[in-house]
Structure formats: C-alpha cells, structure tokens
Amino acid sequence: MLCRQAVLFCLLSLVGYVHGSALTTAIAANERLCFYADVDKAGEKIGFYFAVQSGGSFDIDWDVKGPGDKLLLEGKAERQGDFVLTGNTVGEYAFCFENDMSTLSAKLLDFDIMVESEPRKEAPARPQQIAEQTTALEESIFRLNGMLLNLKRNQKQHHTRERRGFAIVQSTQNRIFWYAILESLALIGMAVFQVYVLTTFFKQTGRKYRV
C-alpha cells in the first residue's frame with residue numbers, strides 16, 4: 001500500500017505545479033491597473049484569462065509586457081480573452097487593464113493569472129523505452145488534469161455569461177423604473193396644465209351682472 005502511494009505521488013509530481021491568482025477588481029473610468037507575475041525559470045507557461053463582468057459595453061483595453069517593458073500581447077475593446085504564452089525570459093511580467101473608453105462608468109473585471117511549471121523527463125535512449133516510462137496511470141492523470149482545466153474554463157465562461165446577463169437585466173429594470181417615473185410626472189404635469197388652462201379660460205370669458 002505504501003509503495004502504491006509513493007508511485008502515485010511520483011506520477012502526480014510529473015503533472016507540474018501551478019501558482020496563480022484569481023481576482024475580481026473594479027476599474028474606474030480613465031484608470032489603468034497593472035498586475036504582476038514572476039517567472040523563475042525560462043520556458044514556464046503563463047496562463048492569462050480575463051472577462052468584463054459589468055460596466056459600459058463590457059469591453060476593456062489590455063496589454064501584457066515582459067521584462068524590460070517588452071510588449072507581448074495587447075487588445076483593444078475586448079470583452080474577454082484566454083491566452084497561454086511561454087515565458088522565455090526570467091523576470092517580472094505585467095498584465096495591465098485600461099478603462100480609457102469610459103468617461104463615467106466603472107468596469108468590474110474578473111481575471112486569472114497562472115504561472116505553470118511542467119518538469120519533463122529526458123527522452124529515452126531507445127524508442128521502445130517510452131512505453132516503459134509512460135504508464136497507463138500516468139496517462140490517466142494527464143488526461144484528468146486536462147479535463148479539470150477544461151472544466152474550470154467552462155465554469156468561468158458560464159459565470160461571465162451569468163454576470164453579464166444579470167447586469168443587462170438590472171440595467172433594463174432601472175431604465176424601466178425611471179421611464180415609469182418620468183411618464184407619471186408627465187401625466188401629472190399634463191393634468192395640472194389642463195386644469196390651469198380650463199380655469200383661466202372660464203375666468204376670462206365669464207360675464208358679470210349687476211343687481
């Protein structure tokens with residue numbers, strides 16, 4: 001039993017480790033926010049996901065810069081994105097969002113930055129050794145890891161759609177409420193104006209008699 005657990009632990013260590021941060025933040029109008037992640041070893045995979053949950057037209061400007069302010073990726077007026085890039089240079093990577101398009105409305109942003117290290121085994125000297133090193137349990141663990149990542153991505157997409165739908169419904173309710181208020185005020189104003197006109201008309205056209 002202990003030997004079996006030790007083998008399973010060794011196989012799990014082959015999948016790699018992921019360290020990242022899943023955050024939700026509000027970006028005010030004309031504001032620029034940057035978040036940073038460190039790459040400790042060349043060749044590490046960097047996962048970058050973002051989605052605008054509410055505010056304006058659900059879009060935002062963004063860019064990704066590597067060490068030395070080297071521009072790696074950028075986008076304009078995008079609602080969401082899911083990218084994977086390789087950190088070829090050791091150092092600090094910046095992930096920035098800019099809300100210059102909106103002059104009044106703030107944006108609620110959900111994003112995730114992951115730095116993944118995937119240690120790989122050296123290639124065997126002979127091709128027939130591949131089957132010996134890659135066991136069925138190891139392949140199952142890799143498939144399970146991929147399925148979990150796909151499930152996480154699908155959950156993020158459904159969460160984003162739900163938040164956007166809720167924001168649209170809430171905005172529509174507010175518009176209907178204020179439209180009803182304005183319509184009621186207009187009807188009251190029209191009624192008062194009609195009473196005033198009728199009262200003024202009868203006062204000006206009325207006859208006076210002396211007894």
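Atoms considered below: every heavy atom in the structure, side chains included; atoms not considered: hydrogens, waters and symmetry mates.
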**Q** Let me confirm one number: the CD-CG distance from Gln80 to Leu109, rounded to the nearest 0.5 Å.
**A**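 Going from CD on Gln80 over to CG on Leu109, the span is 11.0 Å.
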**Q** Atom CG of Leu73 and atom CH2 of Trp62: how far apart are they, to the nearest 0.5 Å?
**A** 5.0 Å
**Q** Side chains of Lys45 and Thr86: any donor to acceptor distance under 3.5 Å?
**A**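 Per modelled atom types, Thr86 and Lys45 side chains form a pair under 3.5 Å.
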**Q** Would Lys76 and Asp59 pass as an ion pair if we require N to O under 4.0 Å?
**A**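 Salt bridge: no.
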**Q** Closest heavy-atom contact between Gly91 and Pro67?
**A** CA-CG, 3.9 Å
**Q** How many angstroms lie between CD in Glu44 and CG in Asp38, if you round to the nearest 0.5 Å?
**A** 10.0 Å
**Q** Out of curiosity, Asp100 CG to Ile60 CD1, how far, rounded to the nearest 0.5 Å?
**A** 9.5 Å
**Q** Taking all atoms of both residues into account, what is the closest heavy-atom pair of Ala106 and Ala28, and its distance?
**A** CB-CA, 4.0 Å
**Q** Are Val52 and Leu23 grouped together when hydrophobic residues (ILVMFWY) are joined by side-chain heavy atoms under 4.5 angstrom apart?
**A**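 Shared cluster, yes.
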**Q** Suppose the criterion is disulfide bond (SG atoms under 2.5 Å apart): which pairs have a residue in residues 39-106, not counting sequence neighbours?
**A**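 Qualifying pairs: Cys34-Cys96.
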**Q** Under a 4.5 Å side-chain heavy-atom rule over Ile, Leu, Val, Met, Phe, Trp and Tyr, are Tyr49 and Val39 clustered together?
**A** no
**Q** Rounded to the nearest 0.5 Å, what's the gap from NZ on Lys70 to OH on Tyr93? Could you check?
**A** 8.5 Å
**Q** Take Thr25 and Phe35, measure what side chain to side chain contact (heavy atoms under 4.5 Å, CB included) needs, and give me the verdict at the end.
**A** CA-CA 11 Å; Thr25 183; Phe35 302 88; 4.1 Å; yes
**Q** Closest heavy-atom contact between Ser105 and Ala29?
**A**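 So the minimum-distance heavy-atom pair works out to O-CB, 3.9 Å.
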**Q** Does one hydrophobic cluster hold both Leu108 and Phe95, with members joined at side-chain heavy-atom distances below 4.5 Å?
**A** no
**Q** Honestly curious: do Val197 and Val192 fall in one hydrophobic cluster under the side-chain, below-4.5 Å linking rule?
**A**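 No, separate clusters.
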**Q** If two hydrophobic side chains count as joined below 4.5 Å and joins carry through other members, does Phe83 share a cluster with Phe111?
**A**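 The answer is yes; both residues are in one hydrophobic cluster.
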**Q** Looking at Phe58 and Arg79, what are the two nearest heavy atoms and their distance?
**A**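 For Phe58 and Arg79, the tightest heavy-atom pair comes out as O-CG, 2.8 Å.
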**Q** Got a second to check how far Lys107's NZ is from Leu33's CG, nearest 0.5 Å?
**A** 12.5 Å
**Q** Any Lys/Arg nitrogen of Arg32 or Asp63 sitting under 4.0 Å from an Asp/Glu carboxylate oxygen of the other?
**A**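 Salt bridge present between Arg32 and Asp63.
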